There are 2 protein chains.
Amino acid sequence: MFKDAARAVPQRAASEETRRQILDTGLVLFREKGFDSTTIREIATKAGLSLGAAYYYFTSKEAIVAAYYDYVQTQHLERARQAFETAKTFKQRLLAAYHTKIDVMEGDERLLRALFRFGGDPDHPLSWFGPASREQRRLSVAVFEEALGNEKLPDDVRSAAPTLLWTLHMGVLLYFLYDSSPSHRRTRKLIDAAVDFVVDAKRVATLPLMRPIRRRVLTILEEAALLPTVAA
Amino acid sequence: MFKDAARAVPQRAASEETRRQILDTGLVLFREKGFDSTTIREIATKAGLSLGAAYYYFTSKEAIVAAYYDYVQTQHLERARQAFETAKTFKQRLLAAYHTKIDVMEGDERLLRALFRFGGDPDHPLSWFGPASREQRRLSVAVFEEALGNEKLPDDVRSAAPTLLWTLHMGVLLYFLYDSSPSHRRTRKLIDAAVDFVVDAKRVATLPLMRPIRRRVLTILEEAALLPTVAA
DNA sequence: GTCTATAAAGGGATAGAC
DNA sequence: GTCTATCCCTTTATAGAC
């Protein structure tokens with residue numbers, strides 16, 4: 001994830017091994033004790049390395065968490081695709097897209113909180129919306145693009161939908177982070193309800209009658225640069 | 001803002017003066033150099049005090065930024081109320097509520113980014129949604145409650161609206177933080193467009209016909225604990 | 001209650017030797 | 001690639017002046 005997540009692109013297998021060692025150790029500790037309470041010194045020691053060595057592989061503590069999100073992204077795409085194969089309806093595909101994301105992240109809340117922490121600050125390289133994380137975001141949005149499949153949609157909706165679904169997904173993640181219900185039941189329920197809403201909204205928004213209103217809303221969002229621009 | 005924003009409730013006027021001195025100096029430096037690059041040592045020195053004195057008044061660096069948000073809150077309420085006095089329509093009141101918030105914060109983006117940074121992490125005392133900031137949030141929502149004025153609204157809408165408007169306001173703030181257009185023109189335009197949308201949405205949502213759908217959506221949000229519960 | 005001076009623990013990040 | 005040493009910072013703590 002993000003610029004400088006790794007300082008070195010390791011050349012040898014041994015080096016790749018060391019990197020993985022630091023990452024895994026770091027994740028274990030982050031999960032156990034949270035982000036703040038875990039020190040790089042501790043990670044390095046537990047991984048059998050010196051402090052400096054850890055910094056050779058990761059430019060900062062955050063970079064370790066960022067690398068974790070790369071993993072989440074890969075996993076999400078993989079699991080979602082798998083689910084898409086058997087999902088018949090649009091609704092089922094949407095449900096799969098959202099639920100698989102939570103599946104991947106379940107158990108890692110403390111870690112994710114650390115990640116989320118830097119998201120709001122545009123100055124920060126780990127910002128959710130900043131230029132440094134563009135590629136990450138693109139991959140994240142792409143899953144929702146795949147979820148649309150070959151659903152018949154007006155052009156403007158098709159081009160806006162992935163970003164809108166991704167935005168909803170950010171909201172769900174935020175909810176997830178605060179959700180202390182057993183097995184994240186509340187998050188699961190919220191996803192189900194949200195997907196129902198999306199399906200309804202899609203039905204209404206794609207009515208020919210609704211085109212002018214829809215265009216007006218989408219134009220506002222485009223002008224605000226909140227959506228990729230549609231060719232007029 | 002938040003628990004422990006100030007360690008001491010000052011007793012003497014002189015002491016209040018010192019506190020203000022630290023706060024002001026801190027804000028100047030934060031604005032100039034950002035949050036990370038400013039040290040408490042520097043704040044203390046420039047304010048003509050010892051390091052210990054700074055810590056006597058503020059438990060942490062964040063606490064200084066948090067104190068700034070107290071000021072934003074106070075200013076927002078004051079300016080919004082002033083604008084409400086001359087605002088005739090619902091739309092004008094909404095516009096006032098959103099624009100005055102930006103008015104107060106304009107020029108302080110770097111500072112706000114530092115604040116925002118901790119918002120997403122529920123473990124953090126400065127979280128936007130956590131229990132520690134409950135009172136702050138209540139005050140922040142209250143402005144939007146006042147914006148509703150004596151507008152005629154169904155009970156369920158009236159009780160949900162302030163929180164919904166506040167949520168929109170959080171979105172606007174996020175946009176604001178990323179908005180580098182001159183004079184934040186884009187943010188201003190977005191607010192105008194969003195308020196138009198809200199006014200339309202209100203019109204539609206309060207149609208007697210829409211009651212069942214409205215109830216369904218509000219119930220989902222209530223069950224997700226995203227809204228204060230309405231008496232059935 | 002307000003503040004100075006000072007020390008020390010602890011951790012992020014970096015420089016430079018090997 | 002890896003290590004040690006070091007810097008600088010936050011934060012806590014303490015002793016005492018006024």
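Throughout, a chain's letter reflects where its sequence line sits, starting with A, and its residues are numbered from 1. Quick caveat: nothing in here was measured; it's all calculated off a predicted structure.
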### Minimum-distance nucleotide (side-chain atoms of Leu51(B) versus dT2(D), dA13(C), dT11(D))
dT11(D)
### Query
Got a sec, which residues hit ring pair (Phe, Tyr, Trp, His ring centres under 6.0 Å) with Phe35(B), two or more places apart in sequence or on another chain?
Phe30(B)
Any [X] side-chain nitrogen or oxygen under 4.0 Å from OP1 or OP2 of [N]:
X	N	answer
Tyr57(A)	dT2(D)	yes
Thr18(A)	dT2(D)	yes
Tyr55(B)	dT11(D)	yes
Ser15(A)	dG1(D)	yes

### Task
Could you list all the salt bridge (Lys or Arg N to Asp or Glu O under 4.0 Å) pairs where at least one residue sits in residues 42-55 of chain B, not counting sequence neighbours?
Lys33(B)-Glu42(B)
### Query
Which parts of residues 33-49 of chain A get close to DNA chain C, meaning a heavy atom less than 4.0 angstrom away?
Thr38(A), Thr39(A), Ile40(A), Arg41(A)
For [X], enumerate each residue passing the side chain to side chain donor-acceptor pair (under 3.5 Å) test, keeping only those at least two apart in sequence or located in another chain.
X	answer
Thr163(A)	none
His184(B)	Glu106(B), Glu109(B)
Thr25(B)	none

### Query
Does Asp103(B) come within less than 4.0 Å of Arg188(B), counting only side-chain N to carboxylate O?
yes
Measure from [atom1] on [X] to [atom2] on [N] and round the result to the nearest Å.
X	N	atom1	atom2	result
Arg19(B)	dG1(C)	CZ	P	16 Å
Ile64(A)	dG12(C)	CD1	P	10 Å
Ile22(B)	dT2(C)	CD1	P	11 Å
Tyr56(A)	dT2(D)	OH	P	8 Å

